[in-house]
Amino acid sequence: MKAAALEKYTVRDVLEYRGHPQLHRSVDSASDIESALALMNRHDIVSVPVFDAASESFVDIVSVYDIRDYIVRTAGLEDEVAHQLLSGRPSGKHTVLQGAVAQVVQSRKHASPAISAGAPLADLLRLFTTQRHHRVLVSGVDPRHLDAVQAAEVPTGSRKRGFSVDSGCSAASFGDDESGGRAAVCGLTQYDVVRFIQHHNHELGRALDAPVAAVARTHSATKDGPLQCLTVRDTALAALRLLRDTHCSALPVVDADGRLVTEVAGASLRRLSSGTLGLLGRPVLAYMFGLQLPVEGPYVVHDGFSVGQVMAGLLWTNCRRAWLVDRDERPVAVVSLTDILAHFM
């Protein structure tokens, strides 16, 4: 690893720092996609464990990005979007969001990876960076340990700093347990590991001083050419397809002069329902307004920022990415949590 100080840590160290690694929220494989999205939106998470409806056994983890990829390649989506745009109401036909979560699981090429709690931290970083997984299951966790961990303070109101934007057992998950008595499933996200590394930043030395521009150039969105941007005229459906094709979790939206306006993230799908599919045919800003999503300036950084500054900023603002802009506020690259983790490999 580039940061030798991290070589002494294991996955269990991250679990213990994070606290309570059990994923409380879950869905049945027979549940419809719309219900899964509503659950993720209600608890501000982007992935949930799926259990078999009959046997109650664990199946896999499904994320909003898996659902995004499944939705945009489903036949009949454009017809429903066009009908709702013209008529202002659903067609009454079966929509993709009424399909079972099991169909999303079956459409994926690979199951969610698992790692032992005793494995080196470097192995976990490889799963997140090389294989670009969103969440990794953790085996070898004593269920008795879960009961011994004290719940953190539960944030109220809007999202609070220091709580994971995508963790199924973030502080917001404590309290009313929706797992229905199922077996404990434990997992870690990229955000959890970045928080752990930030906690040990005093051990990292010069690794934190690297210019963020150099890290941004390693992102897949800019490896093969300039950063792809959306204009305010692009439709939400076109944006989702570009997100799928570029394997990105978000894309920048720019004005007529190329200046950054906001970002469109795949996580916005969490508010979508069968009755609002028509919004996918509208321009991205109209789509966001229609779903009552905040249209605000994303986290922006400049050439002079270091990796340490960006990492701290991502955690402080509770963002998953930072947009690197030039002097004219035009986006030129993106720094994601994956990029931050890859920097320490």
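Sequence positions, counted from 1, serve as the residue numbers for this chain. FYI, side chains are in, hydrogens and waters are out, and symmetry mates aren't considered; it's all heavy atoms of this structure.
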For the residue pair [X] and [Y], confirm or rule out a side-chain donor-acceptor distance under 3.5 Å.
X    : Y    : result
S47  : Y65  : no
E263 : Y299 : no
S336 : R321 : no

(message) With side-chain hydrogen bond (donor to acceptor under 3.5 Å, both in side chains) as the test, pick out the partner of S91 among Q84, E80, H83.
(response)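 Answer to the side-chain hydrogen bond (donor to acceptor under 3.5 Å, both in side chains) test with S91 among Q84, E80, H83: E80.
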(request) Quick one: list whatever passes side-chain contact (heavy atoms from CB on, under 4.5 Å) with V254, sequence neighbours left out. (result)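 side-chain contact (heavy atoms from CB on, under 4.5 Å) check on V254 returns C229, P331.
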(request) Check side-chain contact (heavy atoms from CB on, under 4.5 Å) between R282 and all other residues, then give those that pass, not counting sequence neighbours. (result)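 R282 satisfies side-chain contact (heavy atoms from CB on, under 4.5 Å) with L85, L279, A286 only.
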(request) Report yes if the side chains of V295 and V253 come closer than 4.5 Å at any heavy-atom pair, otherwise no. (result)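 No - every pair of side-chain heavy atoms lies 4.5 Å or more apart.
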(message) So that I can tick it off, tell me whether E78 and R241 are bridged by a salt bridge, with the cut-off set at under 4.0 angstrom between side-chain N and carboxylate O.
(response)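 Yes.
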(request) Answer yes when D123 and R126 have at least one side-chain N-carboxylate O distance shorter than 4.0 Å, and no when they do not. (result)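 Looking at R126 together with D123, the answer is yes, because their closest N to O distance falls below 4.0 Å.
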(request) Applying side-chain hydrogen bond (donor to acceptor under 3.5 Å, both in side chains), name anything that partners R108, two or more places apart in sequence or on another chain. (result)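 Checked R108 against side-chain hydrogen bond (donor to acceptor under 3.5 Å, both in side chains); matches are D66, S112.
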(message) Parallel, tilted or perpendicular: which one describes the rings of H200 and Y9, with boundaries at 30° and 60°?
(response)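 Rings of H200 and Y9: tilted, 30 to 60°.
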(message) With side chain to side chain donor-acceptor pair (under 3.5 Å) as the criterion, how do T338 and Q190 come out once you've worked through the C-alpha distance, each side chain's angles and the decisive distance to 0.1 Å?
(response) CA-CA 7 Å; T338 306; Q190 294 183 6; 2.9 Å; yes
